[in-house]
There are 2 protein chains.
Amino acid sequence: MAQAAPPKARATRPSANATRERIVVAALDLFSELSFDGATTREIAARAEVTQPLVNYHFSSKEELWFAAVDRIFAQLNDALTGRAEGLRGVDELTTAKLLIREFVYFCAAHPQLHRIITQECKTDGPRMDWLVEHHVRPVYEQTAAMLDGLVAAGHLPRVPTAHLYYILTGAAPTMFVLGPECRRLTGLDPRAPEVIEAHADAVISLLFGAERTEP
Amino acid sequence: MAQAAPPKARATRPSANATRERIVVAALDLFSELSFDGATTREIAARAEVTQPLVNYHFSSKEELWFAAVDRIFAQLNDALTGRAEGLRGVDELTTAKLLIREFVYFCAAHPQLHRIITQECKTDGPRMDWLVEHHVRPVYEQTAAMLDGLVAAGHLPRVPTAHLYYILTGAAPTMFVLGPECRRLTGLDPRAPEVIEAHADAVISLLFGAERTEP
DNA sequence: GTCTATAATTAGATAGAC
DNA sequence: GTCTATCTAATTATAGAC
């Protein structure tokens, strides 16, 4: 294996990294809204305020750009969850779980792209799905499943198989935000409002871990 | 308003209705997999085993075909739920709710197109979204919200605002099936298998209405 | 009703100037 | 690095034969 070359002074223009970053951000929005095939590199370029061939300069193909966009959203998810978990060392299992689930609801509200892009790829179930699961979803699943198993064993959650708990949480947390336009028309609530996000986190936690119910 | 013309004997060929139906079925699958823009009339035609211009003969535009496909999936949903409800006259409120939610989980498993097509349209939030909500989603929402309100008032569900309960149910029920390809890779469970569907209905009902939890 | 042929548009990617 | 110009392929919809 050749040694890595020492970093050259000014190998790239100072604008290059910023441009690349703007393209990835635009791509994440458009891929999640329109799916891989539906998003066009022209529109991604326009949103990043560059010309379309520049996308092909920075990313060898549309697919490479998609990989970069997915890497970015999962890096953000992991930052949010591990950042929260590190602030909770020594806190008991149930409280930790509730706060992590709350953090997950906040993340789903702020970044509906995450759930959208997974849904997009599941529809067609091609080779991008293999990459997505093995590179990004499986680590999240294994950590979450371990947490859920502990909660069931401790009696904090009903005796429901882990996979079902995972998909109930994965559905219950983001759906209000993913279906935001429907929610606004149907209920009058705006799922972008902080108090609605807070109320949704409360709701998910109440249903999972139980809350007082009125007597009939 | 002119009177409707009496139905003519053999105004259309006997094959026409069957062809139209095959096109709508193919369109529903492809629109839900690929979204409105992503699905091509050529592919819809190929799946229905007709040529592409015949799609434009039966439906004046791609959008008319989309309306017909959405009408079809909501008609199936309403058939399934009202059919189940009619078999439950006189049954108590809690049992009725559990059986209707079970029926909804079965429907989500058999027809992941429903949740997919709503998700598709929410992403772009255009005029098709207006039509979808006002023609089809609102009636379902109002009936469901009334049921959920009754369950909260009777103490069968925690005191959580209706809109949040609706989106928790709307997320928890179909997500395992909508993310089927991910679920198979991640958990080894096939969400098309009847016993997995049954277990998911059990899981959703346990979490909503409570079930025994082990003591720590 | 259903077909073949085609018009008009738009996509991703490449060539080459600066 | 970033641009303009362009190639090839694929899209919806229409024209017109049968």
Just by protein heavy atoms under 4.0 Å, how would nucleotides 10-16 of chain C read 5' to 3' in B, S and -?
-SBBB--
What pairs with A:His164 under side chain to side chain donor-acceptor pair (under 3.5 Å), at least two apart in sequence or on another chain?
B:His200
Length of the CD-P vector between A:Glu21 and D:dG1, whole Å
16 Å
Whole-Å distance, A:Leu54 CG to C:dC18 P, equals 18 Å
Atom-to-atom span, CZ of A:Arg20 to P of D:dT2 - whole angstrom
12 Å
Ring-plane angle category for B:Tyr166 and B:Tyr141, please: parallel below 30°, perpendicular beyond 60°, tilted otherwise.
perpendicular
Kindly say whether B:Phe36 contributes a backbone atom to a donor-acceptor pair with the side chain of B:Lys62 at under 3.5 angstrom?
yes
Nearest 0.5 angstrom please: B:Tyr106 OH to B:Leu81 CG, how far?
13.0 Å
Using whole Å, report how far CZ of B:Arg22 lies from P of C:dG1.
14 Å
Would you find a donor on one side and an acceptor on the other, under 3.5 Å apart, between the side chain of A:Arg116 and the backbone of A:Val178?
yes
Between the side chain of B:Thr187 and the main-chain N/O of B:Leu189, is any donor-acceptor distance below 3.5 Å?
yes
Distance, rounded to the nearest Å, where A:Asn17 contributes CG and D:dT2 contributes C1'
15 Å
Counting only side-chain nitrogens and oxygens, does B:Thr19 get under 4.0 Å of the OP1 or OP2 atom of C:dG1?
no
